[in-house]
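The next block holds one structure in the form of structure tokens; read it before the comments.
Each chain gets a letter, A, B and so on, in the order its sequence line appears, and its residues count up from 1. Just so it is clear, the values below take in all heavy atoms, side chains as well, and ignore hydrogens, waters and symmetry mates. The shown structure was predicted, so the numbers you read here are calculated from the model rather than taken from an experiment.
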Amino acid sequence: MAPITAKKNGKKHALKLKDTKGAKKAKVEVKSSSSSDEIASSSDEDDDVESGVLDGEESEEEDELDEVSEEDELDQESDEEQAEQKEESGSDDNENEEGSSDEKKAGKEGPGQHAEQRKLLKERKMQRKSGAEVQQIKSLWERLRVNNPPVPKPVREKLSNEVWELSKDCISDLVMKHDASRVVQTLVKYSSKERREQVINALKGKYYVLATSSYGKYLLVKLLHYGTKQSRQVIIDELHGSLRKLMRHREGAYVVEDLYVLYASQEQRQQMLREFWGAEYAVFRDAHKDLTLEQVCESSAEKKNIICKNLIGTISASVDKGSTGFQILHAAMGEYVKIAGDKEISEFIEVLEDKFAELVHTPEGAEVCCTLIARATAKERKTIIKNLKDHADNLIRNEHGNTVFVTALMCVDDTVMMFKSFGPAIKDRLQSIVVDKFGRRPFLYILLGLDGKYFSPVVKTELQKYIKLSENTSKKPFEQRRKELLNKFAPMYLSTIAKYYDLILEENLGCQFISEVLVNDEFYEQLGEQDKARFQEVIDTIIAYFKGDITDEKHPIHRPYSVRLLKSLIQGGKWNAKEKKLEPLRSVQGLGHDFAQKFYEDIIDETNLLDWINNVDSSFTVVALYESLSKAGDKKLTKDLKKVAKKIDQESNNNKGARLLVKLMNEKA
DNA sequence: CAAACCCCGGCTTT
DNA sequence: AAAGCCGGGGTTTGTA
């Protein structure tokens with residue numbers, strides 16, 4: 001692994017640790033991704049970060065302690081841990097906890113006690129099964145793991161062989177202990193394919209226990225990481241049938257999530273999910289291969305009931321455990337809502353309670369959330385919105401979250417509530433949301449509906465699916481909701497543009513947005529008298545924005561979208577590319593000819609006309625001006641153009657605007 | 001709108 | 001396990 005990776009991981013981890021203290025409540029940010037990071041990085045660190053031994057260990061155990069209180073019934077449920085293992089792992093756990101708290105105490109109270117504690121700990125360790133070997137292996141490992149300077153390869157091989165010789169017979173004892181499990185991790189990391197294969201085989205029959213062990217899980221994840229397709233299959237096969245139980249397990253759930261997200265193939269994922277349907281589908285898995293949920297449910301209402309019950313069982317257990325952010329869970333939820341009836345949907349909404357925000361960052365999770373919003377009753381929608389509004393900014397900017405917000409905008413009848421909920425959170429950030437690739441979408445929706453320009457066919461079809469689903473519970477005519485929202489949001493759009501025009505105009509997406517706002521009859525018609533006046537001020541502001549010497553490279557005209565914006569304002573209408581004609585505005589004032597006139601006066605006049613024509617970036621502006629003004633019989637520009645006609649640069653190949661202008665002038669004459 | 005373009009994830013290769 | 005290729009998507013751009 002490259003040092004860069006190590007560094008990155010270390011950093012990530014450090015950040016994460018800081019978080020765990022203060023930000024329990026602020027875990028809106030993708031929990032699922034952190035799950036994999038957490039496991040990967042905290043175990044990586046052992047090997048890669050030089051100074052990390054104590055830090056890593058301590059923090060890990062701190063996490064451990066944190067979680068202990070959350071302990072649930074599942075440990076008992078987990079089949080009494082295989083008689084032989086039970087005693088061992090039980091005492092092991094205890095010792096580790098003691099160990100960590102001892103260590104901490106010692107750290108505070110003085111070195112003398114510390115040493116004593118250490119000795120005690122060591123003695124206890126020696127008494128454990130394979131204790132002597134463990135100590136020996138560990139000392140070898142200490143030499144193996146050093147990374148600064150890195151151990152030369154031959155030495156590494158030798159050490160690693162020695163470790164393997166010592167550990168291969170008691171490997172299953174090693175992997176459950178927090179220190180020794182690291183030895184095996186390092187071993188796996190520095191081993192050949194064959195050796196890894198051997199480790200995989202030596203651990204056969206242990207993977208369930210491994211997955212549920214707070215230390216073993218790191219090794220398991222490592223094995224998955226370095227493993228081949230086959231070895232992954234071995235592990236998956238073995239865990240297969242226990243997934244539902246694992247999902248309810250504190251450690252196991254993380255392993256399953258990692259497996260699902262990072263290592264399982266599409267087919268394996270499908271299989272994992274099918275296991276959540278019920279025991280039948282886990283046991284006879286080959287018989288049920290290629291089975292889709294819809295098929296099964298259609299074939300028998302009884303089966304459907306059972307599957308529903310099983311799914312919601314796993315889902316609510318995991319949600320209660322705080323695993324709402326897991327992707328595998330989102331996928332399971334996705335299946336559930338696909339077959340759920342209205343009653344089940346209501347129950348599901350209750351299960352999720354205030355955790356909706358944890359769903360919206362993954363494709364599946366967002367889909368679930370959208371479906372729920374679409375199918376929910378007015379009252380249920382209100383609770384969902386109430387929950388989501390606290391995460392408005394993250395929700396709206398997120399690639400998937402934004403569709404959830406759009407769905408809410410499309411489906412919720414109570415637009416007053418929508419505006420009250422989200423308005424305040426949005427108000428001060430609209431200038432940055434509006435230039436965000438995803439964040440701007442909901443606001444373009446309010447402005448234009450599901451315009452194909454901003455909603456790709458895939459997204460659009462999906463959103464239309466939700467519209468269809470919402471028809472049972474939404475009462476207003478579809479377009480009415482958008483109009484009402486536009487009415488409420490329009491003043492906010494306007495004041496944001498007025499205040500932050502320079503920030504927004506700096507971005508391509510921002511120019512595009514402003515153009516959509518200004519060249520829009522519906523928008524203008526929603527404005528009151530006072531806002532209509534402000535609208536004119538905004539237009540003047542934009543005109544003034546283009547003042548200045550365009551031979552200066554920093555002039556805004558040299559940014560690609562500026563011309564497009566100006567052109568749309570000068571034309572005063574939307575270009576319909578299908579019909580190849582301009583659709584003039586019916587009610588907006590101050591654009592089109594008016595705008596052109598002002599622009600050819602305040603910004604361009606006979607003194608700098610030639611500059612604007614002979615520059616590639618700006619020439620099309622003049623073309624637009626010419627078309628707009630000459631059509632209206634405005635002679636000033638035509639006259640000025642004649643004066644400079646001879647100096648227009650028609651030679652350079654790339655100034656197509658200039659040449660087009662000349663062509664148009666000749667046609668006229 | 002359509003063509004050009006770029007970026008990313010998955011796959012194959014050594 | 002890293003490097004390179006390919007295809008599909010989304011975005012940019014060209015200018016009607």
Side-chain angles (χ1 to χ4, degrees), chain A residues 1-6 33 40 44 47-48 153 188-197 222-232 261-269 327 362-363 399-400 402-403 435-441 444 448 451-462 507-513 515-516 519 557-584 612-613 615-628 630-631 652-664 667:
Chain A
M1 203 178 285
I4 309 163
T5 333
S33 87
D44 261 356
D47 308 311
D48 298 331
K153 229 186 184 158
V188 167
K189 188 178 164 185
Y190 289 136
S191 287
S192 61
K193 228 168 57 192
E194 293 73 30
R195 179 73 49 76
R196 284 179 197 152
E197 204 84 345
K222 269 256 150 78
L223 286 172
L224 284 169
H225 182 79
Y226 291 112
T228 61
K229 271 201 189 82
Q230 290 83 38
S231 50
R232 282 176 197 165
V261 175
L262 296 169
Y263 305 113
S265 68
Q266 204 46 51
E267 200 182 332
Q268 289 166 330
R269 287 184 180 188
Q327 276 184 55
T362 70
E399 171 173 9
H400 310 290
N402 84 83
T403 64
V435 297
D436 181 87
K437 186 174 148 197
F438 300 114
R440 67 192 191 134
R441 280 192 197 164
L444 287 164
L448 305 162
D451 191 312
K453 214 160 139 195
Y454 303 109
F455 296 89
S456 73
V458 193
V459 177
K460 200 170 159 180
T461 348
E462 179 156 339
E507 312 263 346
N508 284 352
L509 300 186
C511 288
Q512 210 173 16
F513 182 78
S515 150
E516 296 290 5
V519 187
I557 197 71
H558 300 298
R559 286 196 298 268
Y561 249 83
S562 296
V563 183
R564 282 165 184 251
L565 170 65
L566 287 178
K567 242 177 74 175
S568 70
L569 300 181
I570 292 167
Q571 288 180 160
K574 292 189 191 184
W575 179 258
N576 185 327
K578 232 186 218 158
E579 312 274 325
K580 298 207 169 195
K581 65 179 183 200
L582 196 77
E583 289 170 354
W612 279 74
I613 297 171
N615 186 299
V616 223
D617 295 332
S618 55
S619 52
F620 277 101
T621 319
V622 184
V623 174
L625 281 175
Y626 179 73
E627 289 194 310
S628 173
S630 69
K631 207 175 287 171
S652 81
N653 244 8
N654 54 11
N655 195 339
K656 295 191 180 162
R659 288 197 292 173
L660 181 60
L661 182 65
V662 173
K663 197 178 135 219
L664 289 173
E667 273 170 22

Donor-acceptor contacts, no H, no angles, side chain residues 565-575 of chain A, under 3.5 Å, sequence neighbours left out:
| residue | atom | partner | partner atom | Å |
| --- | --- | --- | --- | --- |
| A:S568 | OG | A:S515 | OG | 3.3 |
| A:S568 | OG | A:L565 | O | 2.8 |

_Residues in side chain to side chain contact (heavy atoms under 4.5 Å, CB included) contact with A:E579, at least two apart in sequence or another chain_ =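 For A:E579 the side chain to side chain contact (heavy atoms under 4.5 Å, CB included) partners, ignoring immediate neighbours, are A:N576, A:K581.
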*Residues in side chain to side chain contact (heavy atoms under 4.5 Å, CB included) with A:E194, at least two apart?*
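A:E194 satisfies side chain to side chain contact (heavy atoms under 4.5 Å, CB included) with A:S192 once adjacent residues are dropped.
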*With sequence neighbours left out, what residues match A:K453 under salt bridge (Lys or Arg N to Asp or Glu O under 4.0 Å)?*
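Scan of A:K453 (salt bridge (Lys or Arg N to Asp or Glu O under 4.0 Å), adjacent residues dropped) gives A:E516.
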*asked:* Under a 3.5 Å distance rule, please check whether A:R441 uses its side chain to pair with a backbone N or O of A:T403 as donor and acceptor.
replied: no
I'd like a list of close polar pairs between nucleotides 9-16 of chain C and the protein, N/O only, cut-off under 3.5 Å.
| residue | atom | partner | partner atom | Å |
| --- | --- | --- | --- | --- |
| C:dG10 | OP2 | A:S456 | OG | 3.2 |
| C:dG14 | N7 | A:R564 | NH2 | 2.2 |
| C:dT15 | OP1 | A:K656 | NZ | 2.7 |
| C:dT15 | N3 | A:K567 | NZ | 3.4 |
| C:dA16 | N6 | A:K567 | NZ | 2.2 |
| C:dA16 | N3 | A:W575 | NE1 | 2.7 |

*Pairwise distance OG(A:S231) to CG(A:L224) - rounded to 0.5 angstrom*: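 Atom-to-atom, A:S231:OG and A:L224:CG are 8.0 Å apart.
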*Just by distance, with hydrogens left out, do A:Q268 and A:R232 show a side-chain donor and acceptor under 3.5 Å apart?*
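Result is no, nothing qualifies.
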_Counting primed atoms plus P, OP1 and OP2 as sugar-phosphate and everything else as base, spell out the protein contacts along nucleotides 4-14 of chain B at 4.0 Å heavy-atom distance: B, S or - for each nucleotide, 5' to 3'._
-----------
